[in-house]
2 protein chains.
Amino acid sequence: MVYNKYSHSEEDYLEAIYLIGLENEAVRVKDVAQAMGVTMPSVVAAIKSLSGKGLVEQEQYGSIELTNAGNKVAQDVYKRHQTLYDLFSEVLGLEPEVAERDACQVEHYLSPETGRRLSKMVEYIRSCPIGDKQAIFLERFRQYVKTGQKPEPCCGCPMNEAQEGL
Amino acid sequence: MVYNKYSHSEEDYLEAIYLIGLENEAVRVKDVAQAMGVTMPSVVAAIKSLSGKGLVEQEQYGSIELTNAGNKVAQDVYKRHQTLYDLFSEVLGLEPEVAERDACQVEHYLSPETGRRLSKMVEYIRSCPIGDKQAIFLERFRQYVKTGQKPEPCCGCPMNEAQEGL
DNA sequence: GAGCAAAGTTAGACGAGTCTAATTAGATGA
DNA sequence: TCATCTAATTAGACTCGTCTAACTTTGCTC
């Protein structure tokens, strides 16, 4: 029933550690606290718990490191995050701040299959360009968002017949 | 920063009460507990809290009713739920159970603007039919999910020029 | 090497949301 | 009208994730 092995909060910590690790030599409690907008004791408690689950390692007063398992979870979460951000920003055309905020929240609640499909959809929409212009889908969808005018049926496109056999 | 006035849990209770109310004369604690997979004391506690916020009303040992405010919240949540379900099911082609489960989770974390845009997207995709066949977008996207074959540019569609002026 | 500031940790509390066990109210049939 | 069953409630406990306040360690500076 539940597909997420780890809680919203745990995933958030792992993701934050992962992202800080990409840009810094060492990941410190303070950095994580700052990145997540919580206090250091909260980070310490979270690290202790994650450590017990074999997802992170830290020697006392030392820097924080993801284990292989922790890294995998973090990357999964981040991938979902990216997919959602792209969907919200590129496809829906939302402001970066809104797209980011929503992606941060929603990333924890997508089943793996839904994540994969969404990712495919974003990929698909991107791969549908027309000359130098934006993808037909996006161009027409944006128009629709702006004007409320439903697009005419896109009939007569020669590619429809060509694709029939696939 | 936070756009949800009410917690995940509160929204869930309101939505459940709303949905039970659609099909039953009276909404009882037991029904809500059953629908949500929690025990009755949990429902009682939730109702007390929601009541304090003016979202539901209940006389002791009586049936539960949404106030106008509560009804509005419930309908908002349910609308997001429906949009997500349609996206996951119709557009992404996920199994009903997965679509439902994910919609239930994600519905609580969409900003209003994102909800509106997603709804527009689903609407847009639906309104793009070609003859008796499924919408071009869906038809081609499904093909892509199935085969991994990226679609050729859909150039030459006469509607492109026709829409230019909008 | 001593002193000090910053970072990390520990202890203890709190709120949200849940549970079990025990109690109370309401409805129903003999 | 009273016995009984079911629904609702209360009491009390637990987990999770957070906080503040107090303490300890580390590392830098003189």
Side-chain angles (χ1 to χ4, degrees), chain A residues 1-2 4-17 20-21 24-66 70 73-74 77 104-105 107-109, chain B residues 1-2 4-17 20-21 24-66 70 73-74 77 104-105 107-109:
Chain A
M1 199 61 124
V2 171
N4 287 326
K5 228 174 143 182
Y6 304 107
S7 72
H8 179 149
S9 164
E10 288 172 326
E11 288 188 352
D12 268 338
Y13 279 105
L14 293 172
E15 190 185 17
I17 293 165
I20 293 167
N24 296 79
E25 185 78 18
V27 179
R28 312 302 320 233
V29 170
K30 195 197 172 196
D31 303 329
V32 178
Q34 198 156 22
M36 296 191 55
V38 299
T39 61
M40 290 204 291
S42 300
V43 176
V44 170
I47 297 299
K48 185 177 291 182
S49 161
L50 290 170
S51 171
K53 296 179 182 178
L55 297 169
V56 305
E57 280 172 355
Q58 181 201 24
E59 41 197 81
Q60 280 267 94
Y61 295 94
S63 66
I64 302 161
E65 282 179 22
L66 293 174
V73 176
V77 176
C104 268
Q105 296 283 313
E107 63 187 6
H108 307 292
Y109 302 100
Chain B
M1 197 62 124
V2 170
N4 287 327
K5 227 173 144 184
Y6 304 107
S7 72
H8 178 149
S9 165
E10 287 171 327
E11 287 187 353
D12 268 339
Y13 280 105
L14 293 173
E15 191 185 15
I17 293 165
I20 293 166
N24 297 77
E25 184 78 18
V27 179
R28 313 304 319 235
V29 170
K30 194 196 173 196
D31 302 329
V32 177
Q34 198 155 22
M36 296 191 54
V38 299
T39 61
M40 290 202 292
S42 300
V43 176
V44 171
I47 297 299
K48 185 177 293 181
S49 162
L50 290 169
S51 171
K53 296 178 182 181
L55 297 169
V56 305
E57 280 172 354
Q58 180 201 25
E59 41 197 81
Q60 280 269 96
Y61 294 92
S63 66
I64 302 161
E65 282 179 21
L66 293 173
V73 175
V77 175
C104 268
Q105 295 284 313
E107 63 188 6
H108 307 292
Y109 301 101

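Values below: all heavy atoms of this structure, side chains included; hydrogens, waters and symmetry mates excluded. A, B, ... follow the sequence lines: proteins, then strands. Residue 1 opens every chain.
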- Task: State the CD-OG distance between B:Glu59 and B:Ser51, to the nearest 0.5 angstrom.
- Result: 11.5 Å
- Pairwise distance NZ(B:Lys5) to NZ(B:Lys53) - rounded to 0.5 angstrom: 10.0 Å
- Item | Between C1' of D:dG17 and NZ of A:Lys53, the distance in whole Å | 12 Å
- Would you tell me if any nitrogen or oxygen in the side chain of B:Tyr13 comes within less than 4.0 Å of OP1 or OP2 on C:dT18? yes
- Test B:Tyr109 against B:His8 for ring-ring contact (aromatic ring centres under 6.0 Å, His included), laying out the working first. CA-CA 8 Å; B:Tyr109 301 101; B:His8 178 149; 5.5 Å; yes
- Message: For B:Ala74 versus B:Leu66, what's the shortest heavy-atom pair and its separation?
- Response: CB-CD1, 4.2 Å
- Message: In whole Å, I'd like the distance from the CE atom of A:Met40 to the C1' atom of D:dT26.
- Response: 13 Å
- Query: Taking only N and O in the side chain of A:Gln58, is any of them less than 4.0 Å away from OP1 or OP2 of C:dG8?
  - Reply: no
- B:Val29 side chain, from C-beta outward: closest of C:dA11, C:dG8, D:dT9: D:dT9
- From the list D:dT10, D:dT18, D:dA7, which nucleotide is the closest neighbour of the side chain of A:Val38? D:dT18
- Task: Could you check whether A:Gln34 gets within reach of a base, just the sugar-phosphate, or nothing at all, counting any heavy atom under 4.0 Å?
- Result: nothing
- Closest nucleotide among C:dC19, C:dT9, D:dA8 to the A:Tyr61 side chain: C:dT9
- Item | Spacing of B:Gln60 atom CD relative to D:dA7 atom C1', expressed in whole Å | 13 Å
- Within this structure, what is the CD-to-P distance between A:Glu10 and D:dC16, rounded to whole angstrom? 9 Å
- Query: Any side-chain N or O of B:Ser42 under 4.0 Å from OP1/OP2 of C:dG17?
  - Reply: no
- Rounded interatomic separation in angstrom, taking CD1 from A:Ile47 and P from C:dA7: 17 Å
- Message: Counting the atoms with a prime plus P, OP1 and OP2 as sugar-phosphate, which does A:Ser9 contact under 4.0 Å by heavy atoms, base, sugar-phosphate, or nothing?
- Response: sugar-phosphate
- Answer yes or no: does a side-chain N or O of A:Lys48 lie under 4.0 Å from OP1 or OP2 of C:dT10? yes
- What is the distance from CG of B:Leu50 to C1' of C:dA16, rounded to the nearest Å? 13 Å
- Query: So, B:Glu15 side chain and B:Asp12 main chain: donor-acceptor pair closer than 3.5 Å or not?
  - Reply: no
- Query: Considering heavy-atom distances to DNA chain D, does B:Val44 or A:Thr39 have its closest nucleotide positioned more toward the 5' end?
  - Reply: B:Val44
- Task: Quickly work out the A:Lys30 NZ to D:dT25 C1' distance and round it to whole Å.
- Result: 16 Å
- Message: Just the rounded figure in Å: distance from C1' of D:dG17 to CG of A:Leu14.
- Response: 15 Å
- Query: Does OP1 or OP2 of D:dC16 have a side-chain N or O of A:Ser7 closer than 4.0 Å?
  - Reply: no
